[in-house]
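Chain letters run A, B, ... following the sequence lines, proteins first, then strands; residues in each count from 1.
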There are 2 protein chains.
Amino acid sequence: MAVVDRREQVLHAAAQSFSLFGYKATTMDQVAKIANVGKGTIYTFFENKEELFDEILLGAIRELRHRAEAEIHAERPFFENVYHALDTIVEFREEHELFLKLSQELRDIGTPQAKAALFKVESVVLQFLERLIRESMDKGAIREGNAEVIAFGILKLFIAMTVEWDMHHPPMRKEELKEHIFTFLTQGFTAAP
Amino acid sequence: MAVVDRREQVLHAAAQSFSLFGYKATTMDQVAKIANVGKGTIYTFFENKEELFDEILLGAIRELRHRAEAEIHAERPFFENVYHALDTIVEFREEHELFLKLSQELRDIGTPQAKAALFKVESVVLQFLERLIRESMDKGAIREGNAEVIAFGILKLFIAMTVEWDMHHPPMRKEELKEHIFTFLTQGFTAAP
DNA sequence: GAATGACCAAATTGTATTTTTAGTCAATCC
DNA sequence: GGATTGACTAAAAATACAATTTGGTCATTC
């Protein structure tokens with residue numbers, strides 16, 4: 001390792017720039033400038049812009065997964081685990097500059113890399129949920145079923161009730177959200193007997 | 001009424017053109033040509049392009065609502081009514097040229113009028129669902145709750161399991177879809193005792 | 001008096017020109 | 001002598017501007 005770790009410098013600068021300006025508006029010149037490094041140096045560590053971006057994205061995804069996993073407690077009921085994990089994920093996504101910027105970039109100019117990145121994030125969340133569901137089924141905590149489809153449904157339902165609902169309504173209180181998700185996941189709408 | 005009903009001619013031509021080319025690519029000259037009518041004639045019946053479009057859209061929405069309502073039978077369980085109504089709505093949306101074209105237009109070029117139109121369609125579907133839910137609550141067929149939120153959740157869940165799922169997976173069989181929707185709406189995932 | 005299409009301002013599209021950007025590589029540095 | 005660099009290039013993107021298209025009008029026609 002050199003006196004100053006140039007690779008780390010580049011990564012740090014790139015993380016900053018991608019979070020602040022998004023994929024497209026981040027230029028390699030700018031990253032080099034922020035990192036106090038010649039532009040050529042970047043290319044000794046990363047093939048190209050996309051690979052550099054992938055590295056940054058992977059870091060963010062790793063943290064997202066980490067936070068979600070921290071919400072899983074084997075002794076807690078399935079529903080509580082799902083709810084808290086999803087709540088954490090949505091909150092993290094709404095706080096993390098990179099995700100915010102990429103969403104905005106996708107909306108505003110439809111950058112393919114932003115689209116691909118957010119799709120990757122969704123895939124990871126789905127994988128996470130699917131595993132949680134599978135394990136809960138194995139433990140007999142919930143009924144058997146197609147874990148992939150169920151994960152997909154639960155995620156979309158949660159996104160709908162939080163992000164999408166808030167787009168045209170005053171945001172729901174957390175307890176109300178939890179109650180609704182609870183209804184869908186544990187009992188449905190059949191009238192109490 | 002004149003020998004030929006020019007208003008009807010215009011409406012018919014407009015319906016054809018909007019369905020075939022979408023909102024933006026439909027020109028008033030073209031509508032006039034198809035309708036065998038001078039362009040000025042259109043403006044004796046409709047204020048402007050948007051109003052003409054609104055008339056066509058309203059017609060399509062009226063038919064959509066009509067079909068959905070035909071799926072509601074008071075003696076059938078709530079869940080069956082919801083499932084068949086939504087199935088009909090999604091199918092109609094996937095068949096009707098106008099809706100298809102508007103969705104494509106929104107994806108490809110983001111025409112504001114296409115966005116507004118599809119939002120209007122969703123609002124109507126939500127209203128329809130909300131009413132069905134309210135009435136079922138009043139009848140005691142399902143548990144009490146916030147009908148608007150529940151309608152929103154059910155619609156998004158259904159769209160997710162049909163349209164969105166099919167975008168990245170082989171489409172679900174109808175029975176499988178019905179079973180999953182059934183699970184969410186009537187019992188949830190709690191393990192059988 | 002209903003219907004029309006030539007007409008116009010505004011918006012859209014096409015195009016030529018300039019600027020910016022990702023990526024390279026010969027020269028430089030330590 | 002391998003790591004580092006920034007001037008350089010081809011390609012892409014932004015800009016400026018000309019040409020065309022389009023929604024809407026209204027004097028004229030039927």
Side-chain angles (χ1 to χ4, degrees), chain A residues 1-18 20-57 101 104-106 108-117, chain B residues 1-18 20-57 101-102 105-106 108-117:
Chain A
M1 187 153 94
V3 178
V4 283
D5 186 343
R6 293 179 196 275
R7 188 172 197 275
E8 207 45 56
Q9 275 180 294
V10 170
L11 274 176
H12 189 257
Q16 249 193 274
S17 190
F18 284 128
L20 211 50
F21 305 115
Y23 179 83
K24 188 159 178 254
T26 288
T27 73
M28 297 302 262
D29 275 304
Q30 198 179 32
V31 172
K33 188 113 160 272
I34 298 175
N36 261 103
V37 145
K39 182 155 61 145
T41 305
I42 301 178
Y43 290 89
T44 65
F45 299 120
F46 306 95
E47 270 300 305
N48 50 39
K49 187 178 176 182
E50 294 214 30
E51 213 199 60
L52 175 58
F53 176 65
D54 261 15
E55 199 69 29
I56 302 300
L57 180 66
K101 201 67 204 175
Q104 187 209 311
E105 189 175 348
L106 180 58
D108 295 351
I109 53 174
T111 319
Q113 286 87 352
K115 189 176 180 164
Chain B
M1 188 154 95
V3 178
V4 282
D5 186 341
R6 292 182 196 276
R7 188 173 197 274
E8 206 46 53
Q9 274 180 294
V10 171
L11 276 176
H12 188 258
Q16 250 193 272
S17 190
F18 283 127
L20 211 50
F21 306 114
Y23 180 83
K24 183 151 181 261
T26 287
T27 73
M28 296 304 260
D29 275 304
Q30 197 179 35
V31 173
K33 191 116 159 266
I34 297 175
N36 261 105
V37 146
K39 182 155 62 149
T41 304
I42 300 178
Y43 290 89
T44 65
F45 299 119
F46 307 95
E47 270 300 305
N48 50 40
K49 188 180 176 182
E50 295 214 29
E51 212 197 63
L52 174 60
F53 176 66
D54 261 14
E55 199 70 28
I56 302 300
L57 180 67
K101 201 69 205 172
L102 289 175
E105 189 174 348
L106 180 59
D108 295 351
I109 53 175
T111 319
Q113 286 88 352
K115 187 174 181 163

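Here the side chain of B/Thr41 is nearest to one of D/dG23, D/dT4, C/dT4, namely C/dT4. Taking every side-chain heavy atom of A/Asn48 into account, C/dG23 is the closest of C/dT12, C/dG23, D/dG23. Distances were taken from every side-chain heavy atom of A/Thr27 (C-beta onward) to each of C/dT21, C/dA3, D/dG24; the shortest belongs to C/dT21. The side chain of B/Lys39 has C/dA6 as its nearest neighbour among C/dT12, C/dA6, D/dT5. Here the side chain of A/Lys24 is nearest to one of D/dG23, D/dT4, D/dA13, namely D/dA13.
At whole-Å resolution of the value, CG in B/Asn36 and C1' in C/dA3 are 13 Å apart. Taking atom CZ of residue B/Phe46 and atom P of nucleotide D/dG23, one finds them 15 Å apart after rounding to whole Å. Atom pair B/Tyr23:OH and C/dA11:C1' shows a separation of 13 Å (rounding to whole Å applied). Rounded to whole Å, the distance from CD on B/Glu47 to P on D/dG24 is 9 Å. Computed from coordinates, the A/Lys33 NZ to D/dG6 C1' distance equals 13 Å when rounded to whole Å. As rounded to whole Å, 10 Å separates atom P of C/dT12 from atom NZ of B/Lys49. What separates OH of A/Tyr43 from C1' of D/dA7 is a distance of 15 Å, to the nearest Å. As rounded to whole Å, 16 Å separates atom P of D/dC26 from atom CE of B/Met28.
Two residues are said to be in side-chain contact when any heavy atoms from C-beta on lie closer than 4.5 Å; B/Glu55 and B/Phe45 fail this criterion.
The phosphate of D/dA3 (OP1 or OP2) has no side-chain N or O of A/Arg6 nearer than 4.0 angstrom.
For the pair A/Gly40 and A/Thr26, both in contact range of DNA chain C, the more 5′-proximal nearest nucleotide belongs to A/Thr26. Comparing A/Ile42 and A/Asp29 by the nucleotide of DNA chain D that holds the closest heavy atom to each, the one mapping nearer the 5' end is A/Ile42.
Listed by chain and residue number, B/Phe18, B/Tyr23 satisfy the ring pair (Phe, Tyr, Trp, His ring centres under 6.0 Å) test with B/Phe53 (two or more places apart in sequence, or in another chain).
Although no hydrogens or angles enter the test, the distance criterion places a donor-acceptor pair under 3.5 Å between the side chain of A/Glu105 and the main chain of A/Lys24. Of the possible donor and acceptor atoms, one in the side chain of A/Lys49 sits under 3.5 Å from a partner among the backbone N and O of A/Thr26. Judged by distance alone, the side chain of B/Thr44 and the main-chain N or O of B/Thr41 form a donor-acceptor pair under 3.5 Å.
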